[in-house]
Amino acid sequence: MQSWPIQDAKARFSEFLETCLAEGPQMVTKRGSEAAVLVPVAEWKRLQAAARPSLKQLLLTPEGRGELTLPARGRAQRRPIDPLA
């Protein structure tokens, strides 16, 4: 992955974009630190689909199922009923 300082990415955005489309993701640095990545749309959609499972996948995975602890019933403190109200 090629790294571009933010000034170069701004000044040569068309070249930056064409390089991304031809070679893949491109890193943008700000003051020498990694700040962002420009990725082609197809790769972005693939990453989004992989990161977000469907409802069917969630329902079929055993990891989502667990023991649900419920408090014991009948031990709640109740307020007295005021017949004059």
Minimal non-hydrogen separation, Leu38 against Cys20, with atom names: O-SG, 3.4 Å
From CG (Leu17) to CZ (Arg12), nearest 0.5 Å: 13.5 Å
Linked, directly or transitively: Phe13 and Val28 (ILVMFWY side chains, under 4.5 Å): yes
Distance (rounded to the nearest 0.5 Å) between Leu55 CG and Gln57 CD: 9.5 Å
Nearest atoms (heavy-atom pairs only) where Ala35 meets Lys30: CB-CB, 4.0 Å
Heavy atoms from other residues, nucleotides or ligands near CD of Gln2 exceed 12 (cutoff 6.0 Å): yes
Close side-chain approach of Arg46 and Glu43, heavy atoms under 4.5 Å: yes
Spacing of Ser3 atom OG and Gln26 atom CD [to the nearest 0.5 Å]: 9.0 Å
Nearest heavy-atom neighbours spanning Met27 and Ala36: SD-O, 3.3 Å
Met1 side chain near Val37 side chain, heavy-atom distance below 4.5 Å: yes
